[in-house]
Novice: 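For reference, the structure I am asking about is given below.
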Amino acid sequence: MEATSFSAALPHTALSVSGHRSFRTCSRVRSSVYVPCQASLDFHDFDRPVSQASLVSGSGSFLRRNAMNGVLKHCGPVQKRNPAGQIFSAASAGVCTSGENLVESPAHVAEGKVGVLLLNLGGPDTLNDVQPFLFNLFADPDIIRLPRPFQFLQRPLAQLISVLRAPKSKEGYAAIGGGSPLRKITDEQAHAIKMALDAKGLAANIYVGMRYWYPFTEEAVHQIKRDRISKLVVLPLYPQFSISTTGSSLRVLQNIFRQDTFLSRLPVSIIQSWYQREGYVKSMADLIVHELEKFTNPKEVMIFFSAHGVPVSYVENAGDPYKDQMEECIDLIMQELKSRGVDNDHTLAYQSRVGPVQWLKPYTDEVLVELGQKGVKSLLAVPVSFVSEHIETLEEIDMEYKELALESGIENWGRVPALGCTSSFITDLADAVIEALPSATAMSISRSAPEEPDFDPLRYAVKLFFGSFLAFILFFSPKVIHAFRNHLL
Ligand SMILES: C=CC1=C(C)c2cc3[nH]c(cc4nc(cc5[nH]c(cc1n2)c(C)c5CCC(=O)O)C(CCC(=O)O)=C4C)c(C)c3C=C
Ligand SMILES: [Fe+2]
């Protein structure tokens with residue numbers, strides 16, 4: 001497990017990020033830090049309702065308690081932006097409260113209040129949320145990494161792609177009940193981790209901060225500040241580190257913390273990845289063994305690990321450790337299975353590619369077809385990059401890939417469930433939190449905003465002109481249109 005303080009939290013991306021971002025060296029940071037060029041956040045400007053930050057503490061979630069206190073108000077179906085420029089619709093969250101929602105932390109944590117911040121991706125709660133959720137996702141410069149001269153196109157591009165992709169995504173979310181289960185499951189995991197920590201003698205407030213939908217990370221941090229937490233452990237709910245997931249969430253957090261005196265002094269410990277923890281590996285092996293036993297002939301089953309993909313350029317140009325960590329993770333799980341006498345064949349493939357670029361190979365859909373053609377008859381799909389059920393397990397794997405596999409000649413199909421609240425897994429995450437606490441250190445970066453280069457209107461106009469021209473050519477080239485049709489829409 002890698003637990004680090006804030007200043008050392010993003011070393012992977014500092015190595016070789018090409019072009020579009022600037023490297024700056026922070027005062028207390030030993031190496032260069034990959035500093036995002038996003039608008040910085042200031043808590044004083046922050047007008048988002050606090051109540052959407054999920055807080056599991058004492059008698060249930062913050063939201064639930066607010067509802068019971070009668071401060072739950074419904075707002076009109078207006079779309080707004082938070083200070084990070086993310087779109088949110090007040091109605092879809094169903095909550096619009098003003099400042100009086102201070103949460104009293106339980107008495108037993110009054111001294112040395114420990115906070116645990118769970119970071120996750122977030123997903124649309126309803127079909128109406130799908131397009132604004134996709135906008136937030138594609139507006140993230142860690143998801144669509146544009147070269148520097150094109151960065152001004154990030155938001156218009158996000159708008160375009162989110163509108164174009166929304167119908168397809170909506171179909172997927174409609175097929176799994178009309179929204180993402182991610183928020184509910186993450187809240188349950190937060191509650192379970194709190195209970196596990198309590199059982200180990202650590203009273204902690206657990207917060208949930210999502211990257212692209214409610215409850216946003218900004219809201220969770222706002223609540224952490226209000227609660228005057230004195231030590232914070234940050235636990236991204238991604239076993240492996242990727243620039244596009246953990247990296248993106250940590251950058252948002254870093255931006256918020258560097259702007260705020262209280263937060264920049266708060267001792268923080270970040271668990272960057274935890275795929276190598278024994279508890280996680282053993283819990284995954286337990287689930288696999290359990291599912292294998294459901295097959296008539298378990299020994300003949302191909303164990304098919306399917307990980308969410310990332311574009312190849314993340315790994316090759318930007319130094320994303322995701323692929324290496326994924327491969328190591330699979331090795332560890334297979335070693336554990338071997339030690340239990342399970343030595344089935346296994347393979348790893350990458351799913352969910354989006355857009356007209358090369359993603360990590362082999363692709364899940366292609367491998368399934370090949371395996372069917374080669375005569376594999378029984379296959380157990382193991383989603384491995386995420387620990388809760390979501391659209392890509394419930395729709396992509398359970399529906400699309402299953403159908404493809406059966407059409408390709410595979411006769412017996414099984415799927416390992418996501419870890420969710422499996423008790424051995426939750427206990428291990430609680431241990432990870434406890435182990436990370438001693439290494440918590442303050443970020444201690446000055447409050448000054450990141451330096452912006454002097455604005456030169458002529459240079460800007462020239463860039464805008466050539467940027468738009470190139471973007472136009474790029475967008476309407478037949479190759480790109482073809483790729484968009486096949487992989488985006
Ligand atoms: C480790 C997990 C994930 C990585 C890596 C990742 C990278 C990544 N994703 C997209 C684009 C989309 N992702 C979408 C949904 C989505 N992504 C993950 C996880 C990882 N993404 C999850 C768990 C979910 C589902 C959330 C839910 O609502 O249940 C979507 C939206 C769904 C869809 O339309 O398919 C998009 C789009 C990119 C481009 C990327 C790396 C650059
Ligand atoms: Fe994704």
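Just so it is clear, the values below take in all heavy atoms, side chains as well, and ignore hydrogens, waters and symmetry mates. Every number for a ligand or one of its atoms is a count from 1 in the order of the listing.
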Novice: Would you name the heavy atoms of R183 and P215 that are closest together and state the gap between them?
Specialist: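 Closest heavy-atom pair between R183 and P215: NE-CD, 3.8 Å.
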Novice: Record the part of E392 in heavy-atom contact with ligand 1 below 4.0 Å; permitted values are side chain, backbone, both and neither.
Specialist: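 For E392, the contact with ligand 1 is made by the side chain alone.
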Novice: Donor-acceptor pair, distance only, cut-off 3.5 Å: does the side chain of T246 make one with the backbone of S242?
Specialist: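 No, the answer is negative, given that no donor and acceptor are paired below the 3.5 Å cut-off.
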Novice: Looking at V354 and R165, what are the two nearest heavy atoms and their distance?
Specialist: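 The pair with the smallest heavy-atom distance is CG1-NH1, 3.8 Å.
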Novice: Quick one: CE on M210 to CG on L121, what's the gap to the nearest 0.5 Å?
Specialist: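 Output value for this atom pair is 8.0 Å.
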Novice: Answer with yes or no whether the side chains of N205 and Y207 bring together a donor and an acceptor at under 3.5 Å.
Specialist: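 Checked: Y207/N205 side chains pair up, N/O donor to acceptor below 3.5 Å.
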Novice: Using a 4.0 Å cutoff against the non-hydrogen atoms of S180, which atoms of ligand 1 qualify?
Specialist: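 Those atoms are 27 (C), 28 (O), 29 (O).
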Novice: Quick one: which ligand 1 atoms are inside 4.0 Å of a heavy atom on W359?
Specialist: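 Once the distances to W359 are compared, the set is 38 (C), 39 (C), 40 (C), 41 (C).
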Novice: With heavy atoms of S169 as the reference, note each atom of ligand 1 found under 4.0 Å away.
Specialist: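 The list of qualifying atoms is 33 (C), 34 (O).
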Novice: Using a strict cut-off of 4.0 Å, indicate which atoms of ligand 1 neighbour a heavy atom of L134.
Specialist: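 With L134 as reference, the close atoms of ligand 1 come out as 31 (C), 37 (C).
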Novice: Would you check if L232 and V234 make a side-chain contact, meaning some heavy-atom pair closer than 4.5 Å?
Specialist: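 A side-chain contact under 4.5 Å exists here.
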Novice: Counting heavy atoms only, which of R211, M210, H308 is nearest atom 3 (C) of ligand 1?
Specialist: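 Shortest heavy-atom distance from atom 3 (C) of ligand 1: H308.
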Novice: Does a side-chain heavy-atom distance below 4.5 Å link I144 with L146?
Specialist: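 The answer is yes, as the side chains (C-beta and beyond) meet within the 4.5 Å cut-off.
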Novice: Could you find the nearest protein heavy atom to atom 32 (C) of ligand 1 and give me its residue, atom name and distance?
Specialist: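 Ranked first by proximity to atom 32 (C) of ligand 1 is Y173 OH, 3.7 Å.
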Novice: What atoms of ligand 1 come closer than 4.0 angstrom to any heavy atom of S385?
Specialist: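 So the atoms of ligand 1 that pass are 1 (C).
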Novice: In this structure, is the centre-to-centre distance between the rings of Y214 and F216 below 6.0 Å?
Specialist: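 They qualify: ring centres under 6.0 Å apart.
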Novice: Just jot down the ligand 1 atoms closer than 4.0 angstrom to any heavy atom of F138, in number order.
Specialist: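 Going through ligand 1 atom by atom, the ones under 4.0 Å from F138 are 37 (C).
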Novice: Locate the shortest heavy-atom distance separating V208 from L117; write the atom from each residue and the value.
Specialist: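 Closest pair (atom of V208, atom of L117, distance): C-CD1, 4.3 Å.
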Novice: Is there a heavy atom in W213 that sits closer than 4.0 Å to ligand 1?
Specialist: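 No.
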Novice: Ignoring hydrogens and geometry, is there a side-chain-to-backbone donor-acceptor pair from D345 to M302 under 3.5 Å?
Specialist: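 Not confirmed, D345 side chain does not pair with M302 backbone.
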Novice: Can you tell me which residue and heavy atom of the protein come closest to atom 26 (C) of ligand 1, and the distance to 0.1 Å?
Specialist: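 So the nearest neighbour among protein heavy atoms is L121 CD2, 3.6 Å.
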Novice: In this structure, does ligand 1 have an atom that sits under 4.0 Å from one of the heavy atoms of A307?
Specialist: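 Under 4.0 Å: no for A307.
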Novice: What part of I391, side chain, backbone, both or neither, has a heavy atom within less than 4.0 angstrom of ligand 1?
Specialist: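 Looking at I391 and ligand 1, atoms from backbone and side chain both fall under 4.0 Å.
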Novice: Please tell me whether F386 and Y238 form a close aromatic pair, meaning their ring centres lie under 6.0 Å apart.
Specialist: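 Yes, ring centres under 6.0 Å apart.
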Novice: Decide yes or no on side chain to side chain donor-acceptor pair (under 3.5 Å) for Y401 and D365, but give the supporting numbers first.
Specialist: CA-CA 7 Å; Y401 293 146; D365 47 0; 5.4 Å; no
Novice: Examine the proximity of ligand 1 to R165 and report which part, side chain or backbone, both or neither, has a heavy atom under 4.0 Å away.
Specialist: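 Contact part for R165 vs ligand 1: side chain (C-beta onward).
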Novice: Near V310, which atoms of ligand 1 are under 4.0 Å from a heavy atom of that residue?
Specialist: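 Answer for ligand 1: 5 (C).
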Novice: Tell me the protein heavy atom at minimum distance from atom 30 (C) of ligand 1, and give that distance in Å.
Specialist: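 The closest heavy atom on the protein side is L137 CD1, 4.1 Å.
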Novice: With respect to atom 42 (C) of ligand 1, which of F386, Y314, F241, Y212 exhibits the smallest heavy-atom separation?
Specialist: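 Heavy atom nearest to atom 42 (C) of ligand 1 belongs to Y314.
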Novice: Side chain, backbone, both or neither: which part of I144 comes within less than 4.0 Å of ligand 1 when only heavy atoms are counted?
Specialist: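 For I144, there is no contact with ligand 1 at all, from either part.
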Novice: Pull out every atom of ligand 1 sitting under 4.0 Å from any heavy atom of P311, numbered as shown with elements.
Specialist: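 Ligand 1 atoms under the 4.0 Å threshold to P311: 41 (C), 42 (C).
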